[in-house]
Structures are given as structure tokens and as C-alpha cells.
Protein chains: 2
Amino acid sequence: MNEIESSDHTLCPVARSEAVVGDRWTVLILRELFMGNRRFETMQAQTGATPQMLAARLKKMEADGLVERRRYSERPPRHEYHLTAKGEAFYPVLLALRAWGETWCKSPKEGRAVYYTHKSCGGPAGLGPVCESCGQPLRREDLTVDLNPAYRDEREARWAAFKGGR
Amino acid sequence: MNEIESSDHTLCPVARSEAVVGDRWTVLILRELFMGNRRFETMQAQTGATPQMLAARLKKMEADGLVERRRYSERPPRHEYHLTAKGEAFYPVLLALRAWGETWCKSPKEGRAVYYTHKSCGGPAGLGPVCESCGQPLRREDLTVDLNPAYRDEREARWAAFKGGR
DNA sequence: CCATATGGCTATGGAGATCATAGCGACAAG
DNA sequence: CTTGTCGCTATGATCTCCATAGCCATATGG
């Protein structure tokens, strides 16, 4: 691949983004971080990534400025991963991806996995970029999240299976 | 990987989406389709994918219901790839990805690669999910697209290089 | 006719990424 | 002083992806 063909040297913002997040695991890790899951072990359980994949991806994400590695215990040394501003700014993409998945990658009877409520107006936020109740653009800090019980169970089962199988 | 850990059997809409579009090439192909580039050869030139990758991805995308393969010439047999409704619906994700890339994956002096104008109000649409000029949610059919001259040159150079090197 | 061009792929072999499984190091708790 | 927890690293097999080359059916020009 010569210089001009390489996506490392393109002006296209989509290709630039894909060079950073164009990877199943990276997106799933971001999902976990947005759900408040900041620890290696729990991310491993919920994404299904192998420990090397997870370690490698977190390292790349740190290098790309998406996450910050913070020590939360000195002895034993323990770390948590926190989103940077750049990582936080990825939220709209995840929201759009989620809306597309809920709409186009499910059989109708499954129902939604996640429900958002718009704090500002108290109504359901829906699947669009603006609140379906009040029409205001959705910002992460204005949303409360509720998981479908089946989805919550799925996540708990994954954690139980992970802990059991070590 | 057991059943519950497999992302094929999760309720999570993000994981469902990633199973379909969680791939650099698939997203770049979608970008080309949204730019109106529907032919194998030109997509190969602009994405930099090898012909097998492109053929494999287009086949998978057809199986996943994102694109439709249409014959535009009987003899010699020639095809074009068209977005389905499911493919079209991916537009907001690409828009969000583009906004993130323009904002977070560029040095300030580079400038935007793509400018959107909001037909409904005549003003620039900006980078958010709603028009920065009039505040209305952005729909694809209400937007006109202008490429930065440098980006246009880059694309023309890629095509020239591709045709030259065969 | 025959050579060359065009568009849409397929074939091959090697390089690199990813996987499953196992284990380590530092400490805490019992 | 054994067992458990957390955050990884090591190893070897497998699988994907890439670069390069070529094929097939048809137009097109000489």
C-alpha cells in the first residue's frame, strides 16, 4: 500500500476514526466504560475478550488518548480505566450504533435491551439523536439508563460464568 | 467461548451492530456507498481494500441485508451495489463517526474534509446531530455535501494511482 | 482477426493477528 | 501457609488478511 492509499494519510474523518475505533473489541470496551465498568476483570467477563486482547486494546486506547489508566490501590497495585474527553466524546457514535442495532438487528419480539429516560423532561428519550418526548438534543449527562431485566440477567450470568470458570 | 459469552447471543444492540459492521472495511465500503460510489473497482481504489477483502465484505454485507447487488449491464455482466433500507439507516452512525473524527482525530490546521449544508435552512449543518444553523435534526435527504478541495484531490489521486498501477 | 483494455472478480502462499489454555506476581484473608 | 483476588503475560495453534498474480467475458481499435 503506498502513501496515498494508506488510511493513515487520508483527510477522511471516517477513515481516521476507524483507525482508532474500527475494531469490535475497542467498541465493546467503550460500551463497558460508558456503563461504568472500569476494571480489567469485569470488562473481560462482559466483552468475552481474551486477557491479551483486552490488555493490547487498552494499551492502544491509552496511546490513542481514549482512556486513562488510574491506580486505585497502591498495595496490591490495582488499576481502573477512565474515559478521557476524547473517549467521552465518542458517546454519540455509540448512541447511534445502539439505535441502529435496536432497530435493525433484532427480531421484533425481543424488545429493547436498554431504555433511556430524559432527565430534563422526564419522558422516554427514544432512539433518535433528539429526545422523542421533548425534541431536545440528547446529552449523556441528561440521560438515565434502565436495562431490560433479561439483559441485566444476561450480564449477571456472564459474570457468574466467568467467575465460576477460573 | 460458550453460548452466553458469544456476542451472537446477546441482547446488547451495540454488540449486535458490531457483529455486522464491526470492521474497518465494512465501514469504509458504507462510506463509499453513501458517497454514491457503487462499483467494485472504484470502491477498491478508494478504500484500498484488496479485491478478495472487498468481494468477501460485499458478500457478507449482502447476506446481512445492508446492500443489494444489481446488474446494470447484461453483456458483459456488470454489477452495482446499492444500499438497502437497513444500509441507509446506518447514516446517523456514519455522521456521528465523521463528527468525532473531524473533532478528535485531526490537527487543527487541517480543516474539515467535508462540509454539509442544510437544504431546509440554507445554513451550514455543523458537526452535531441537529443543524447548527436552525436546530432541526439532520436527515440525509436534507443535506448537500461539499468536499474540501484537498480531500477531492486526494480521492482523484487515489483513483489515478489505482488505474496507473494495474 | 488479433492485440489490448475493462470490470469484476478468484487463486496462492506467506505474514500477521487472534484464539484457547495455562500460569505468574503481588498481596489479603482465613 | 494455604487459598483467593486482580491484573495481567506466555505459549503454541489456528485463522484471517495481505500482496501479487491471473482469469473470464466482452468491448474496442488497428
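Not measured: the values here are computed from a predicted model. Residue numbers start from 1 in every chain, and the chains themselves are labelled A, B, ... in the order their sequence lines are given, proteins ahead of strands.
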> Just how far is it from atom CD of A:Glu102 to atom SG of B:Cys12, taken to the nearest 0.5 Å?
Replying inline: 8.5 Å
[X] has a side chain; which of [options] sits nearest to it?
X       : options               : value
B:Ala55 : C:dT18, D:dC17, C:dC9 : C:dC9
A:Arg78 : D:dC8, D:dT5, D:dC18  : D:dT5
B:Pro51 : D:dT9, C:dT10, C:dG8  : C:dT10
B:Met53 : D:dC8, D:dC18, C:dC19 : D:dC18

[atom1] of [X] versus [atom2] of [N]: gap in Å, rounded?
X        : N      : atom1 : atom2 : value
B:Arg69  : C:dG8  : CZ    : P     : 10 Å
B:Glu41  : C:dT10 : CD    : P     : 15 Å
A:Lys163 : D:dT3  : NZ    : P     : 18 Å

>> I'd like to know whether CZ of A:Arg140 has more than 12 heavy-atom contacts from other residues, nucleotides or ligands below 6.0 angstrom.
In response: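 Enclosed: over 12 neighbouring heavy atoms sit under 6.0 Å from CZ of A:Arg140.
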>> Using heavy-atom distances to pick each residue's nearest nucleotide on DNA chain D, tell me which of A:Gln52 and A:Glu80 is more 5'.
In response: A:Glu80
>> Judged by each residue's nearest nucleotide on DNA chain C, which is more toward the 5′ side, A:Glu74 or A:Arg57?
In response: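 Counting from the 5' end, the first nearest nucleotide belongs to A:Arg57.
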> Any side-chain donor paired with an acceptor under 3.5 Å for A:Arg69 and A:Tyr81?
Replying inline: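 Result is yes, a qualifying pair exists.
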